[in-house]
Amino acid sequence: MRLIIVLVTALLSMISHAASTWSEVEQQAKGQTVYFNAWAGADNINAYIRWAGEQVEQRYGVKLEHVKINDTANVVSRILAEKVSGRTNGGSVDLMWVNGENFRALKEAKLLYGPYSQHLPNMALTDENNPALLYDFTLPVDGYESPWGGAQLTFYHDSKRLPQAPKSMAKLLSYLEKQPGLFTYPVPPSFYGATFIKQALLETISDSEQLYQPVNKQTFDKVTAGLWAYLDKLHPLMWRRGQSFPSGSGQMQQLLNDGELSIAFSFNPNDPAAAIEQGLLPDSVRSYVHQSGTVGNTHFLAIPFNSDSSAAAMVVANFMLSPEAQARKADLAYWGDPTVLALDKLSNEQQQLFAKQQGNSASLSAADRANVRGEPHATWVALLEAEWLRRYSR
């Protein structure tokens, strides 16, 4: 009996300590400013971050400054330069939107604060056993990132111009042989361009399992030979004969809306549906994934090692994981970015925040959303981009 009392007392003490610890984090965060470095390539995303900033300032006394960036790699280089120069505090970045190759670079160079995500109360609302939250491009997260949203390569087409979607790389090539000029993709190292290349590699390689191991430079040429042969055939059939490429997903969307393309793609499964809601695409647009699945991952938030506002950054990251913030982000009217929360862990009231949302005819089916292929190991990215540029840049 005495042992049981001791154990219960110890457990209650641990719970009380955890609560007071987070309370102390919130207290420390008051009055701090968080310089949040995040991609700024879409108006709806920028608007969402503004809303989040208003919320954390009202609720927690934290000021959120959106530092608008085009390339996360530049932010990584800046943080590394600060470390090399001995700037171990007062860093220029307090929170950043990151994943994949950039996370690997940050982690390997010991540029991250943490581990911290296990201390966020709202992490309890996620599925702690979900590999998509535990690994980032096969690299263990180890608490140095907190999940923010889900993503999956999603193709979409104008069903009036193209009734039947080509649901593989091979079928896409066959379609363009008959109807050239109606597809394109951005130049890497654009994230969208790099993702399209990885998808093509997954569909042209005989043994895709080797892509989930660190790249072998000695066998790289042999392993990727099918990819380059495919792109050699594809490029002359693309928009402007592959002589120029779009800047990103926004331009692809505009080209499809203008009728210059019949197929485009995004890395947000809800982008086409949201664009229809916003009047940016016709309601004849439909989304699809390839029959073998498409690349998917989770995007995260990370705190640099030399942030003076790490407490406030944790408060922001925790708010971004709240059911209210996740539901608004998943809503097509605001962003349409899929949630990372486990809905079965939410209260009935919290679940209603998501249940109220309606999809449209361009929303992916549940089966398509489940048809996901993992990201190749992060070490593949740099070599793929370098070889693409060597072969095709002008």
Side-chain angles (χ1 to χ4, degrees), residues 71-73 76-77 80 98-111 131-132 134-142 151-153 155 166-174 176 183-238 242 245 265 267 289-299 371-394:
D71 189 347
T72 307
V76 176
S77 298
L80 180 60
V98 66
N99 72 345
E101 174 68 11
N102 292 312
F103 173 63
R104 183 179 74 91
L106 288 162
K107 191 179 183 188
E108 290 183 352
K110 301 187 185 306
L111 300 178
L134 297 174
Y135 297 91
D136 189 350
F137 283 50
T138 77
L139 187 68
V141 169
D142 292 333
Q152 182 180 4
L153 177 61
F155 293 89
K167 296 187 176 182
S168 70
M169 287 294 177
K171 290 181 179 179
L172 174 63
L173 184 65
S174 297
L176 293 176
F183 174 80
T184 187
Y185 67 93
V187 173
S190 157
F191 178 78
Y192 294 94
T195 300
F196 178 79
I197 293 167
K198 286 183 284 186
Q199 180 69 33
L201 178 59
L202 281 164
E203 294 190 42
T204 54
I205 193 173
S206 58
D207 177 18
S208 62
E209 287 304 310
Q210 58 193 309
L211 299 180
Y212 300 101
Q213 303 298 323
V215 66
N216 184 329
K217 294 181 180 179
Q218 281 67 46
T219 61
F220 177 80
D221 290 343
K222 181 179 179 181
V223 169
T224 59
L227 168 66
W228 311 123
Y230 176 83
L231 294 181
D232 287 346
K233 295 177 182 177
L234 182 71
H235 284 184
L237 302 173
M238 295 198 314
F245 295 81
F265 64 89
F267 206 59
V289 300
H290 286 180
Q291 290 173 333
S292 62
T294 52
V295 173
N297 66 35
T298 300
H299 48 263
N371 197 7
V372 177
R373 303 185 71 163
E375 287 275 6
H377 193 276
T379 54
W380 284 86
V381 176
L383 283 184
L384 285 170
E385 291 175 349
E387 182 62 14
W388 191 99
L389 292 170
R390 187 187 72 80
R391 287 170 175 266
Y392 305 119
S393 64
R394 294 173 176 83

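One-based numbering along the sequence shown.
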Can we say Lys107 and Asp142 salt-bridge, meaning some charged N sits less than 4.0 Å from an Asp/Glu carboxylate O?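 So Lys107 pairs with Asp142 through a salt bridge.
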For the atom pair [atom1] ([X]) and [atom2] ([Y]), what is the distance rounded to the nearest 0.5 Å?
X      : Y      : atom1 : atom2 : value
Tyr230 : Leu173 : OH    : CG    : 5.0 Å
Leu227 : Glu387 : CG    : CD    : 9.5 Å
Met238 : Leu172 : CE    : CG    : 9.5 Å
His235 : Thr184 : NE2   : OG1   : 8.0 Å
Phe137 : Asn297 : CZ    : CG    : 5.0 Å
Asp136 : Asn99  : CG    : CG    : 5.0 Å

Heavy-atom closest pair, residues [X] and [Y]:
X      : Y      : value
Ala194 : Pro188 : N-CB, 4.2 Å
Ala132 : Thr298 : O-OG1, 3.0 Å
Trp380 : Leu211 : NE1-O, 3.2 Å
Tyr212 : Gly374 : OH-O, 2.8 Å
Thr379 : Pro214 : OG1-CA, 3.3 Å
Glu101 : Ala378 : OE1-O, 2.5 Å

Could you tell me whether the side chain of [Y] reaches within less than 4.5 Å of the side chain of [X], counting heavy atoms only?
X      : Y      : value
His290 : Phe155 : yes
Gln210 : Val223 : yes
Val372 : Thr294 : no
Val141 : Tyr135 : no
Leu384 : Phe220 : yes
Glu375 : Thr138 : no
Phe265 : Gln199 : no
Val215 : His377 : no

Please tell me whether Tyr185 and Phe245 form a close aromatic pair, meaning their ring centres lie under 6.0 Å apart.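 Yes, the ring of Tyr185 comes within the 6.0 Å limit of the ring of Phe245, centre to centre.
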Does [X] reach the main-chain N or O of [Y] with its side chain, forming a donor-acceptor pair under 3.5 Å?
X      : Y      : result
Ser208 : Leu202 : no
Glu203 : Met169 : yes
Ser168 : Lys171 : yes
Tyr392 : Leu231 : no

Side chain to side chain contact (heavy atoms under 4.5 Å, CB included) involving Lys167 - partner list, sequence neighbours excluded: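 Expected list: Ala165, Tyr288, Gln291.
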Tell me whether the rings of Phe191 and Phe267 are parallel (<30°), tilted (30 to 60°) or perpendicular (>60°).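 Aromatic pair Phe191/Phe267 classed perpendicular.
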